[in-house]
Amino acid sequence: MKIAFVGKGGSGKTTLSSLFIRHLAANEAPVVAIDADINQHLGAALGLPDAEAAALPAMGAHLPLIKEYLRGTNPRIVSADTMIKTTPPGEGSRLLRVREENPVYEACARPVRLDDGDIRLMATGPFTESDLGVSCYHSKVGAVELCLNHLVDGPDEYVVVDMTAGSDSFASGLFTRFDMTFLVAEPTRKGVSVYRQYKEYARDFGVALKVVGNKVQGEDDLDFLRAEVGDDLLVTVGHSDWVRAMEKGRPPRFEHLEAENRMSLQALQDAADDSYADRDWDRYTRQMVHFHLRNAESWGNAKTGADLAAQVDPEFVLGDPMAAAPRLG
């Protein structure tokens, strides 16, 4: 399953995504975690020392390698230089799988030891001073979108992405790449404003969206969220001494997280697992192609000097049958 955590800045999005990743690891699930936020804090939330978190390889810095590997022997892609963030796979493309070893993981992923097992952690890389005036953050998360476009995952595998805050995710087709999107909302007017934006933008794309109420302190907070988001409210999370200790860099073992918060995390996993039954590989591929053609026309063709619409393989559908196909390279 591909799962996104979104929300306004300061909502607790990164904290909750890190707790969910720890929960999955405790359940012995294979996990690839991706920090796609402009503020790169997921590594620290997962317990990495600051120096190790800062030393995580940036996916954007390895984009040429990612493109060359994913291109494979696809005859519709004349060179890796003509690939953009939305380039879809086709016959001959290399596909990524959660449990495998490949050059992309070797270059961009690092194992992180949690209390109950290891996960793979990838990061887009921070937005630096050298990017000012010459780049936007969406160019960095393009590596994430390209990888997700080429990823074949099963119902017992998890890719968890901590997305950039607010509604910036809608600057590309990345928001359509997930089986489940968890929107973290505080019980305030500002807290639910991003929910309304996300709900409106995602309406026409079949995006599965559930709200996680965070920093909920009582029945009044709960009533507010129920009134504002209705049936989209899945669970709420309150104060956590475990999280406070984690934020100080001294977390107890994860098994000591409060029982009610463990139950909330299990509810998230159950909702994500249930969403897999609704996965539509045809729609997933159509959306991929839709955003690729939009990007090709608006800027991709001019940037690469190629007709990027020709990269679309009309006979190719990403899906489960590919998981059994021989791996290339």
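Given the structure is predicted, the values throughout are model-derived calculations rather than measurements.
With hydrogens and angles left out, the side-chain atoms of Glu186 and Ser11 include no donor and acceptor closer than 3.5 Å.
For Arg110 (side chain) and Glu106 (main-chain N/O), a donor-acceptor pair under 3.5 Å exists by modelled atom type. Judged by distance alone, the side chain of Gln40 and the main-chain N or O of Asp35 form a donor-acceptor pair under 3.5 Å. Checked by atom type and distance alone, the side chain of Trp242 never pairs as donor or acceptor with a backbone atom of Glu258 at under 3.5 Å. At distances below 3.5 Å, not a single donor-acceptor pair connects side-chain atoms of Asp179 with backbone N or O atoms of Tyr276. In this structure a side-chain-to-backbone donor-acceptor pair under 3.5 Å is missing from Arg97 to Val152. Between the side chain of Arg177 and the backbone N or O of Leu148, no donor-acceptor pair lies under 3.5 Å. Between the Arg71 side chain and the Ile77 main chain, a donor and an acceptor come within less than 3.5 Å of each other. Distance alone, capped at 3.5 Å, places no donor-acceptor pair between the Glu52 side chain and the Pro49 backbone. Using a distance-only test at 3.5 Å, with no hydrogens or angles considered, no donor-acceptor pair links the side chain of Asp232 to the main chain of Val211.
A distance of 9.5 Å separates CD1 of Ile34 from OG1 of Thr124, quoted to the nearest 0.5 Å. Between Ile66 atom CD1 and Cys108 atom SG the span is 4.0 Å, to the nearest 0.5 Å. If you take CG on Leu63 and CG on Leu146, they are separated by 6.5 Å, rounding to the nearest 0.5 Å. The distance from the CZ atom of Arg196 to the OH atom of Tyr201 is 13.5 Å, given to the nearest 0.5 Å. Note that CG of Leu95 and SG of Cys147 are 11.5 Å apart. Values are rounded to the nearest 0.5 Å. With rounding to the nearest 0.5 Å, the separation of CZ in Arg22 from CD in Glu255 is 12.5 Å.
Within 6.0 Å of atom CG in Asp282, more than 12 heavy atoms from other residues, nucleotides or ligands are found, so the atom counts as buried in its surroundings. Residue Arg253 places its CZ atom among more than 12 non-hydrogen atoms of other residues, nucleotides or ligands, all under 6.0 Å distant.
Of all the heavy atoms in Gly7 and Lys13, the pair that sits closest is N-CD, 3.6 Å.
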Donor-acceptor list for residues 217-224 side chains, cut-off 3.5 Å, not counting sequence neighbours:
unit_1	atom_1	unit_2	atom_2	d
Asp221	OD2	Gln217	N	2.9

Do any side-chain atoms of residues 263-271 form donor-acceptor pairs under 3.5 angstrom with protein atoms, and if so which ones, sequence neighbours left out?
unit_1	atom_1	unit_2	atom_2	d
Ser264	OG	Thr236	O	3.1
Ser264	OG	Glu260	O	3.2
Gln266	OE1	His23	NE2	3.2
Gln266	NE2	Asp270	OD1	2.9
Gln269	OE1	His23	NE2	2.9
Gln269	OE1	Asn27	ND2	2.8
Gln269	NE2	Tyr158	OH	3.2

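Residue Trp299 shares its hydrophobic cluster (ILVMFWY side chains chained together at separations under 4.5 Å) with Ile84, Leu308.
In this view, Tyr284 and Trp281 satisfy the ring-ring contact (aromatic ring centres under 6.0 Å, His included) rule, not counting sequence neighbours. Listed by chain and residue number, Lys67, Glu68 satisfy the side chain to side chain contact (heavy atoms under 4.5 Å, CB included) test with Ala80 (two or more places apart in sequence, or in another chain). Applying the ring-ring contact (aromatic ring centres under 6.0 Å, His included) criterion to Tyr195, with sequence neighbours excluded, gives no partner residue.
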task = Would you check, one step at a time, whether the test salt bridge (charged side-chain N to carboxylate O under 4.0 Å, His left out) holds for Lys2 with Glu157?
result = CA-CA 8 Å; Lys2 305 178 186 76; Glu157 302 169 328; over 6 Å; no

inquiry  = Using the rule given for side-chain hydrogen bond (donor to acceptor under 3.5 Å, both in side chains), can you reason through Gln311 versus Thr87, listing the C-alpha separation, both sets of side-chain angles and the distance that settles it, and then say yes or no?
reply    = CA-CA 7 Å; Gln311 293 179 342; Thr87 295; 3.0 Å; yes

request  = Begin with the C-alpha distance, continue with both residues' side-chain angles, and end with the deciding distance and a verdict on salt bridge (charged side-chain N to carboxylate O under 4.0 Å, His left out) for Asp156 and Arg99.
outcome  = CA-CA 11 Å; Asp156 57 346; Arg99 303 175 197 245; 2.9 Å; yes

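Within the 4.5 Å cutoff, side-chain heavy atoms of Thr15 are placed close to those of Glu247. Contact check for Pro89 versus Met288: side-chain heavy atoms found under the 4.5 Å cut-off. Counting only heavy atoms from C-beta outward, the side chains of Glu28 and Asp116 never approach each other to under 4.5 Å. For the pair Asp81/Thr304, no side-chain contact is recorded, criterion being any heavy-atom separation below 4.5 Å from C-beta on. Counting heavy atoms from C-beta outward, Leu225 and Val192 have side chains that approach closer than 4.5 Å.
Note: Phe5 and Phe182 have tilted aromatic rings, judged against thresholds of 30 and 60 degrees for the angle between ring planes. By the 30° and 60° cut-offs, the orientation of the rings of His290 relative to Phe205 is tilted.
Val289 is not connected to Phe175 by any chain of hydrophobic side-chain contacts under 4.5 Å among Ile, Leu, Val, Met, Phe, Trp and Tyr, and they are in different clusters.
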